There are 2 protein chains.
Amino acid sequence: MEVRGYGQFCPVAMASEVLGTRWTFLVIRELLCGSTRFNDLRRGLPRISPALLSKRLRELETLGVVARAHDAASGNPVYRLTEAGEDLRPVVMAMGFWGQRWLESQLSLKNLDPSLLMWDMRRNLNPSPLPPRQVTVQFLYRDVERGQRRWWLVIDNKPGSGAVDLCMIDPGYDVDLHVATDLRTMTAIWMGLMTVREAIRDGTLQLVGAPEIKARMQQWLGLSVFAREG
Amino acid sequence: MEVRGYGQFCPVAMASEVLGTRWTFLVIRELLCGSTRFNDLRRGLPRISPALLSKRLRELETLGVVARAHDAASGNPVYRLTEAGEDLRPVVMAMGFWGQRWLESQLSLKNLDPSLLMWDMRRNLNPSPLPPRQVTVQFLYRDVERGQRRWWLVIDNKPGSGAVDLCMIDPGYDVDLHVATDLRTMTAIWMGLMTVREAIRDGTLQLVGAPEIKARMQQWLGLSVFAREG
DNA sequence: CAGTATCCGATGCGATACTG
DNA sequence: CAGTATCGCATCGGATACTG
């Protein structure tokens with residue numbers, strides 16, 4: 001049971017463990033979230049083997065859910081959802097809300113993973129509440145092993161941009177905000193199980209840095225899409 | 001690929017073939033439709049082996065989706081959905097609508113099965129447009145092998161009742177309406193892909209019998225829950 | 001970067017038979 | 001009626017290594 005898990009805290013993953021063909025819903029979720037390249041998909045699904053990902057993509061292609069193409073510029077293969085694939089969004093969302101509501105307490109916080117959390121945060125971050133310049137936020141997970149303890153989000157928020165980079169090695173920029181917490185707390189916030197304010201009051205989250213960035217963390221931190229109604 | 005099919009025309013089955021753990025969504029569908037006993041479930045899932053059904057029920061029980069109890073009167077085991085299980089309805093419906101929309105043309109009409117169709121019709125039949133007395137409708141599928149060619153629905157529509165019986169052997173009552181068609185046509189009507197009126201006009205469906213029952217067939221024939229929006 | 005190739009143990013699951 | 005027991009093949013899928 002344990003060995004076969006997806007190692008993900010995402011509610012879709014938890015629902016899929018019993019209901020779904022292995023990895024299939026998660027591949028679709030990654031595509032729905034906007035990943036298009038093979039190794040981007042692998043990044044969102046760290047435990048999938050390349051052989052199986054390839055197989056799943058071919059199956060979904062046969063089913064008419066995925067279309068394989070080549071990027072005009074780079075010539076790299078890209079995978080996109082067809083209209084039928086996009087239409088699976090309600091199914092995946094329904095699974096996610098159900099998992100969030102009914103499986104969260106059992107599984108969510110047993111499948112912590114800093115890289116998936118940070119990768120999701122990078123993807124959903126909302127730069128608009130941030131000042132219109134480059135912003136660097138450092139995350140320190142006190143309870144995580146040395147190699148994955150520190151992360152940097154570098155948000156290029158100059159007007160017209162909005163790109164977010166995720167680094168595991170110090171990018172060298174001045175840090176605008178230091179976030180220190182434990183992985184479980186940050187994941188719970190991300191899942192909408194608690195708020196930034198509550199975590200600060202509990203003493204499980206500390207913020208040091210620019211007050212205007214600190215104050216709006218709950219806003220620029222885009223929450224998991226399943227966090228709202230859960 | 002063919003041997004592993006569910007042999008069902010239900011859109012949930014078609015969607016499950018690729019997306020779901022084998023049989024799991026269909027077991028849930030049966031429970032959502034109101035089956036509670038082991039052999040009722042088997043009836044709605046003719047190709048499942050008893051061992052696998054048993055296994056799935058135990059898995060769903062572990063997951064908190066199904067609760068096993070004993071019928072007070074008979075002492076027989078009954079399986080019911082918990083609140084979490086009922087809450088899967090949106091997921092199953094989303095899968096069904098998706099399957100209906102995107103997989104229907106490929107698969108629906110390749111998985112014809114008279115017993116499943118009649119069993120579904122029995123379950124969803126709406127007696128209220130029928131006269132308030134016992135009504136017997138005979139179905140004749142011209143293209144089906146002798147053993148499954150003829151079916152009778154006996155609707156006890158006396159005030160306060162509403163029970164529907166399905167027979168494969170002549171119950172001996174006077175038949176109020178004779179329906180003669182082919183299996184594909186009747187399935188298409190059931191799926192909402194065509195109407196009774198259209199089938200009559202095409203000449204693929206003939207009705208002989210009481211005019212008031214004939215005229216309201218589209219009404220008393222409750223359609224598949226996926227027929228509406230598809 | 002984007003996959004294939006190969007291996008092999010684990011399991012999934014269908015078929016059949018049997019039991020309280 | 002409501003399952004369990006057993007068998008055995010097929011496939012699934014993880015790990016690892018390799019290729020254009």
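The figures here come from the full heavy-atom set of this structure, side chains too, leaving out hydrogens, waters and symmetry mates. Labels below follow one simple rule: chain letters A, B, ... track the order of the sequence lines, proteins then strands, and each chain is numbered from 1. Just so you know, these numbers come straight off a predicted model, no measurement behind them.
Shown here is B/Gln148, whose CD atom has more than 12 heavy atoms of other residues, nucleotides or ligands within 6.0 Å.
The CH2 atom of A/Trp152 lies 9.5 Å from the NE2 atom of A/His178; values are rounded to the nearest 0.5 Å. Atom CE of B/Met121 is separated from atom OG1 of B/Thr187 by 9.5 Å, given to the nearest 0.5 angstrom.
Between the CG atom of B/Asn39 and the P atom of D/dA2 there is a distance of 5 Å, given to the nearest Å. Note: CD (A/Glu17) to C1' (D/dC12) measures 16 Å, nearest angstrom. Nucleotide D/dG13 holds its C1' atom 13 Å from the CG atom of A/Leu53, rounded to whole Å. With rounding to whole Å, A/Arg42 atom CZ is found 10 Å from C/dC1 atom P. Rounded to a whole Å, the NE2 atom of B/His70 is 16 Å from the P atom of D/dC1. Whole-Å rounding puts the B/Leu52 CG to C/dA17 C1' distance at 17 Å. In this structure, B/Glu59 atom CD and C/dT11 atom P are separated by 13 Å, rounded to whole Å. Rounded to a whole Å, the CG atom of B/Leu57 is 12 Å from the P atom of D/dA2.
Looking at A/Arg80 and A/Thr36, their side chains never bring a donor and an acceptor atom within 3.5 Å of each other.
Of the candidates A/Val65, A/Thr62, A/Leu41, A/Leu57 forms a side chain to side chain contact (heavy atoms under 4.5 Å, CB included) with just one, namely A/Leu41.
Not one side-chain nitrogen or oxygen of A/Arg47 sits closer than 4.0 Å to the OP1 or OP2 atom of D/dG14. Of the side-chain N and O atoms in A/Asn76, none sit less than 4.0 angstrom from OP1 or OP2 of C/dC1. For the pair B/Tyr79 and D/dG3, the criterion of a side-chain N or O lying under 4.0 Å from OP1 or OP2 is met. In this structure, B/Arg56 reaches the C/dC13 phosphate: one of its side-chain N or O atoms is under 4.0 Å from OP1 or OP2. The side chain of A/Trp23 places an N or O atom within less than 4.0 Å of a non-bridging phosphate oxygen (OP1 or OP2) of D/dG14.
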Any protein N or O atoms within reach of nucleotides 4-9 of chain D? Criterion: under 3.5 Å, listing atom names and distances.
| unit_1 | atom_1 | unit_2 | atom_2 | d |
| --- | --- | --- | --- | --- |
| D/dT4 | OP2 | B/Ser54 | OG | 2.3 |

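Residues B/Leu45 and B/Gln8 are in side-chain contact: their nearest non-hydrogen atoms beyond the backbone lie under 4.5 Å apart.
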message = Dot-bracket, 5' to 3', for DNA chain D please: Watson-Crick or G-U pairs under 3.5 Å, [ ] where pairs cross earlier ones, | where the partner sits on another strand, dots elsewhere.
response = ||||||||||||||||||||
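Under the 6.0 Å distance and 45° angle rule, B/Arg184 does not count as a cation-pi partner of B/Tyr141.
Of the candidate nucleotides C/dC13, C/dA2, D/dA2, C/dC13 has the atom nearest to the side chain of B/Arg22. With C/dG14, C/dG3, D/dA15 as the choices, the nucleotide that has an atom nearest any side-chain atom of B/Ser49 turns out to be C/dG14.
With hydrogens and angles ignored, the 3.5 Å screen pairs no side-chain donor or acceptor of B/Arg122 with any backbone N or O of B/Leu153.
Residue pairs that meet the salt bridge (Lys or Arg N to Asp or Glu O under 4.0 Å) test with at least one member in residues 140-154 of chain B, sequence neighbours left out, do not exist here.
In this structure, A/Glu61 does not pair ionically with A/Arg58, as no charged nitrogen and carboxylate oxygen lie closer than 4.0 Å.
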